[in-house]
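I have placed the structure first, in the form of structure tokens, so that the comments after it can refer back to it.
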Amino acid sequence: MAEKLKLRKGDRVVVLSGKDIGKEGEISRVIPERRMAIVDGINVARKHQRATRATAQGGIIDKDMPIPVSNVAVVCPSCGRPARVGHRFEPDGTKVRICRKCGGDL
Ligand SMILES: [Zn+2]
């Protein structure tokens, strides 16, 4: 069974390796079966597109490409640093993600 991803859509993440190292962005989509995520403004591929009937105009199109989730870390809103994700349980049993560094909720 695949390990559940600790990241989800809307998370603010920082890139840990690759050409966008150190950059931050928001996750716009996670692809659990590939263990990849698409992050706004990260791993942008410039595609030269020829004008077709469908697109009407050609030119250069920026497209965010998926990157492996292992290459990003959630930025903790409390301490502002890349967080190692832990969990705690609310009294009602709800699982809450926490930053293992400062204990703040993610
Ligand atoms: Zn923290």
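Every number for a ligand or one of its atoms is a count from 1 in the order of the listing.
- Not counting sequence neighbours, the partners of Ile98 by the side-chain contact (heavy atoms from CB on, under 4.5 Å) test are Arg88, Asp105.
- Panel note: side chain Arg97, backbone Lys6; a donor-acceptor pair is recorded below 3.5 Å.
- Looking at heavy atoms from C-beta onward, Ile67 lies in side-chain contact with Ile42 at the 4.5 angstrom threshold.
- Sorted by first and then second residue, the salt bridge (charged side-chain N to carboxylate O under 4.0 Å, His left out) pairs with a member in residues 39-48 read Arg46-Asp62; sequence neighbours excluded.
- In this structure Asp64 satisfies the salt bridge (Lys or Arg N to Asp or Glu O under 4.0 Å) test with no other residue, sequence neighbours excluded.
- Inspection of the environment of the Zn ion (ligand 1) yields the following protein N, O or S atoms under 2.8 Å: Cys76 SG, Cys79 SG, Cys99 SG, Cys102 SG.
- Test Ile38, Val39, Val30 against Pro66 for side chain to side chain contact (heavy atoms under 4.5 Å, CB included) and you get one pass: Ile38.
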